[in-house]
Structure formats: structure tokens, C-alpha cells
**Student:** 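Mind looking over this structure? Questions follow.
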Amino acid sequence: MTAVAHRPTAVVTGASSGIGEATARVLAAGGFHVVVAARRLDRLQALAAEIDGTALELDVTSDASVAAFAAALGDVSVLVNNAGGAKGLATVAEADLDDWRWMWETNVLGTLRVTKALIPRLVASGDGLIVTITSIAAVETYDNGSGYTAAKHAQSALHRTLRGELLGQPVRITEILPGMVETDFSLVRFHGDAERAATVYEGITPLTANDVAEVVGFVASRPSHVDLDTIVLKPRAQASAMRAHRV
Ligand code: NAP
């Protein structure tokens, strides 16, 4: 009889598309049992079947959904806080309060709810890791972007606070700050306007979701005493949120 190797569990939020979906694939290839979580269960189920993982419905903006999600989980070694995104591009003078609420609920309070629920299990694993996907919007501001940059700054502050609060516990803390990545991000930001979303990536080779996922995989495969604290990655042709070289 051959022994079945134990696979530590990694939870990836927002795994139904983009960076989260690619991260689930990379972590599964790296030997993790990956729990893929988001609201679109059909997409998660297809992914879980492909990577021999587990699909669980999760709305990070709902206390009840996060509680039910946490109750359905067993041991957890890795948490990737990836669920999030942007809505709209508006000046402060014309800010849409509903878009702001969506961004804060998803990126900030969503990360808080899930992290808070899973910290005890990450500590109990004896070798935990929390990766939070923030953005270069967590360290920059840009015109018309205040709802997203403010939310990403807050999500980053929450995440970085854990570095001190969990000091002495067996949990590593990594923040990943991507620049431009071609995913459904801009489609969501522009409320489904595909033509407008496509203009964001015109004349530039953006990062792919897999480019970011491979960095998460590298982080998760370091020895447990090595904490990759903060990682910024951008396309070669992007200098800052508002400055890119387009051809
Ligand atoms: P994406 O393809 O739109 O993926 C966003 C994911 O978040 C989806 O799986 C979505 O799943 C999930 N999500 C949204 N609201 C949720 C909720 N209430 N509960 C649970 N899951 C929710 O975009 P992406 O680019 O991969 O974004 C992933 C992360 O990277 C986000 O935090 C984003 O801010 C960050 N980021 C993106 C870029 C970029 O240029 N693309 C750059 C820097 C940082 P459901 O809709 O199925 O729930």
C-alpha cells in the first residue's frame, strides 16, 4: 500500500477568476490542498475538480457567509487574501458612495473578516502564512482613484499590523503589491463595460494573473523561518499607477 502524502491546506479568496484562480493552480501544483472561495460557486467547482481541491461559496462582505465558511474548514496553513477590486473612477468631488462602500466592504472589511476567523487555525498549524494581495494603489494615490487607493491603503495597514501582532507566533506575513495585471479587474471597475476595460491594457504588455500567482507560490515554498515581507511587481513598461510607456 502506498502512503498518501499529507497536503497542507491553503485558502484562496476570490479564486473564481484572475489572480486568485491562477494562485489556486500554482499552490495546488506546489502540493497544497487548496480551498477555493468566492461567490460564483459554478466556477469554483470546475476549478476544484481540476486541481483536486475544495470549492466553498464565500461572500467576504457578509458576516454570516464568513462564519459558515470558517465552520466548513478544517486545518489551515496558508491564507491568501485576494478577494477584492475597484469600482469606478471618480474625483473626490464626484465620489459615488456606493462604489466606496463596495470597495471598503470587499477589500478592507472582507480581509478583516476572513483573517480574523482564520488566525487561530493559522497559528495552530505551527507553520502558517498570510499573503494579502493589495496593490501599488496601497502606496500611491492618483486622480479619480481615491476610493480604491484609500481602500488598498487601509487593507495594507491592516495586513502590516499583523506583522507585529503575530510576532512570536508561527505565522509568516507577506504583502504583494501588483501593478497592472490583465484580469476581469477593469471589467468590474467599469461596471461590465468591456470596451472601456480593454483600453486600460492598450499598448502595454501587462502582468498576467499567473505572473502574480508564481510569486505567491515562491513565497509559500520558502523555509518557515523566511518571511518575504513586501513584494512589489509591475510590468516593465509601468513606472507608477499613472505612468506607463505605451506603444
Ligand atoms: P478579478 O478577476 O475581478 O477577481 C476578483 C475576485 O474577487 C473574483 O474571484 C471575485 O469572485 C472575488 N470577489 C469579489 N467580491 C467578492 C466578495 N464579496 N466575496 C468573495 N469574493 C469576492 O480581479 P483580479 O485582478 O484577479 O483581483 C484580485 C485582487 O488583486 C484584488 O484584490 C485586486 O484589488 C488586486 N489587484 C489587481 C490588480 C489588477 O491590475 N488586476 C492590480 C493590483 C491588485 P466572485 O465575483 O465570484 O465573488
Side-chain angles (χ1 to χ4, degrees), residues 11-26 35-48 55-66 68-69 79-89 99 101-114 117 131-140 142 145 147-156 158-159 175-192 194 197-198 200-201 204-213 215-216 231-235 238 240-242 244:
V11 170
V12 180
T13 69
S16 60
S17 68
I19 295 168
E21 180 180 347
T23 297
R25 286 202 177 91
V26 168
V35 176
V36 289
R39 294 166 302 177
R40 287 172 291 175
L41 190 57
D42 52 334
R43 296 178 68 127
L44 297 175
Q45 283 166 337
L47 176 62
L56 287 179
E57 198 170 349
L58 171 69
D59 180 350
V60 298
T61 69
S62 156
D63 291 345
S65 175
V66 173
F69 173 72
L79 166 62
V80 182
N81 284 312
N82 166 76
K87 284 270 190 206
L89 270 175
D99 282 350
R101 269 186 210 99
W102 187 93
M103 288 187 271
W104 278 72
E105 271 294 344
T106 311
N107 295 284
V108 188
L109 298 180
T111 295
L112 174 63
R113 284 188 189 92
V114 177
V131 176
T132 303
I133 311 294
T134 62
S135 168
I136 57 171
V139 289
E140 294 184 40
Y142 53 91
Y148 186 57
T149 58
K152 286 298 189 187
H153 275 69
Q155 183 191 27
S156 172
L158 182 174
H159 169 91
E175 178 179 3
I176 297 182
L177 302 86
M180 195 186 293
V181 191
E182 189 164 11
T183 63
D184 287 347
F185 175 85
S186 294
L187 195 66
V188 173
R189 169 169 249 175
F190 299 130
H191 302 276
V200 174
Y201 310 108
I204 187 170
T205 304
L207 297 174
T208 65
N210 190 57
D211 293 330
V212 182
V215 174
V216 181
I231 301 170
V232 181
L233 70 157
K234 297 177 200 158
Q238 183 179 26
S240 66
M242 289 305 276

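Counting convention: from 1, in listed order, for ligands and their atoms alike.
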**Student:** For a 4.5 angstrom cut-off between non-hydrogen side-chain atoms, does Thr13 reach Val80?
**Tutor:** no
**Student:** Out of curiosity, Thr132 OG1 to Leu79 CG, how far, rounded to the nearest 0.5 Å?
**Tutor:** 7.0 Å
**Student:** Yes or no: does Pro206 have any heavy atom under 4.0 Å from an atom of ligand 1?
**Tutor:** no
**Student:** Applying a strict 4.0 Å limit to heavy atoms, is Leu58 in contact with ligand 1?
**Tutor:** yes
**Student:** Under 4.0 Å from any heavy atom of Gly18, which atoms of ligand 1 are there?
**Tutor:** 2 (O), 26 (O)
**Student:** Quick one: look up the protein heavy atom nearest atom 18 (N) of ligand 1 and list residue, atom name and how far away it is.
**Tutor:** Asp59 OD1, 2.9 Å
**Student:** About how many Å separate CD of Glu57 and OG of Ser65, when rounded to the nearest 0.5 Å?
**Tutor:** 7.0 Å
**Student:** Can you figure out which of Gly20, Gly85, Gly84 has its heavy atom closest to atom 5 (C) of ligand 1?
**Tutor:** Gly84
**Student:** Counting only nitrogen or oxygen atoms and a 3.5 angstrom limit, does Val181 reach ligand 1?
**Tutor:** yes
**Student:** I need the nearest protein heavy-atom contact for atom 33 (C) of ligand 1: residue, atom name and distance, please.
**Tutor:** Tyr148 OH, 3.7 Å
**Student:** May I ask which of Pro235, Gly179, Ser135 has a heavy atom nearer to atom 42 (C) of ligand 1 than the others do?
**Tutor:** Gly179
**Student:** What's the shortest distance from atom 35 (C) of ligand 1 to any protein heavy atom, and which residue and atom give it?
**Tutor:** Thr134 O, 3.8 Å
**Student:** Arg43: heavy atom below 4.0 Å from ligand 1, yes or no?
**Tutor:** no
**Student:** Out of all atoms in ligand 1, which are within 4.0 Å of some heavy atom of Gly14? Include the element for each.
**Tutor:** 6 (C), 7 (O), 8 (C), 9 (O), 12 (C)
**Student:** At less than 4.0 angstrom from any non-hydrogen atom of Thr61, what atoms of ligand 1 do you find?
**Tutor:** 18 (N)
**Student:** If we only count heavy atoms from C-beta on, is the Val188 to Trp102 side-chain gap below 4.5 Å?
**Tutor:** yes
**Student:** Mind checking whether Ser17 has an N or O less than 3.5 Å away from an N or O of ligand 1?
**Tutor:** yes
**Student:** Going by side-chain contact (heavy atoms from CB on, under 4.5 Å), Pro178 matches just one of Ile136, Asp211, Val212. Which one?
**Tutor:** Val212
**Student:** If you measure from CG on Leu44 to CG on Leu56, what distance do you get to the nearest 0.5 Å?
**Tutor:** 8.5 Å
**Student:** Using side chain to side chain contact (heavy atoms under 4.5 Å, CB included), reason through Thr106 and Val60 one step at a time and then give a plain yes or no.
**Tutor:** CA-CA 6 Å; Thr106 311; Val60 298; 4.2 Å; yes
**Student:** Does any non-hydrogen side-chain atom of Ser186 lie less than 4.5 Å from one of Val200?
**Tutor:** yes
**Student:** For the residue pair Tyr201 and Phe185, is the inter-centroid distance of their aromatic rings smaller than 6.0 Å?
**Tutor:** no
**Student:** Evaluate His191 against Lys87 for side chain to side chain contact (heavy atoms under 4.5 Å, CB included), listing each step before the verdict.
**Tutor:** CA-CA 7 Å; His191 302 276; Lys87 284 270 190 206; 3.5 Å; yes
**Student:** Among all protein non-hydrogen atoms, which one is nearest to atom 23 (O) of ligand 1, and what is the separation to 0.1 Å?
**Tutor:** Thr183 OG1, 3.4 Å
**Student:** Tell me: protein heavy atom nearest atom 26 (O) of ligand 1, and distance?
**Tutor:** Ile19 N, 2.8 Å
**Student:** So is Pro178 polar-close to ligand 1, meaning N/O to N/O under 3.5 Å?
**Tutor:** no
**Student:** About how many Å separate CG of Asp59 and CD of Glu105, when rounded to the nearest 0.5 Å?
**Tutor:** 9.0 Å
**Student:** Look at atom 14 (C) of ligand 1 and say which protein heavy atom is nearest, naming residue and atom and giving the distance to 0.1 Å.
**Tutor:** Arg39 NH2, 3.4 Å
**Student:** Which residue holds the protein heavy atom closest to atom 19 (N) of ligand 1, what is that atom called, and what is the gap in Å?
**Tutor:** Val60 N, 2.9 Å
**Student:** Are Ser16 and Arg39 close enough, and set up right, to give a side chain to side chain contact (heavy atoms under 4.5 Å, CB included), and what steps lead you there?
**Tutor:** CA-CA 8 Å; Ser16 60; Arg39 294 166 302 177; over 6 Å; no
**Student:** So which of Asn82, Leu233, Asp184 gets nearest to atom 32 (O) of ligand 1, if we judge by its closest heavy atom?
**Tutor:** Asn82
**Student:** State, to 0.1 Å, how close Gly20 and Val12 come at their nearest heavy-atom pair, and which atoms those are.
**Tutor:** O-CG1, 3.5 Å
**Student:** Hey, is Lys152 touching ligand 1 through its side chain, its backbone, both or neither, going by heavy atoms under 4.0 Å?
**Tutor:** side chain
**Student:** Report the member of Ser186, Ala83, Ala22, Ala138 with the shortest heavy-atom distance to atom 21 (N) of ligand 1.
**Tutor:** Ala83
**Student:** Just need the protein heavy atom nearest to atom 11 (O) of ligand 1, so name the residue and atom and give the distance.
**Tutor:** Ser16 OG, 2.8 Å
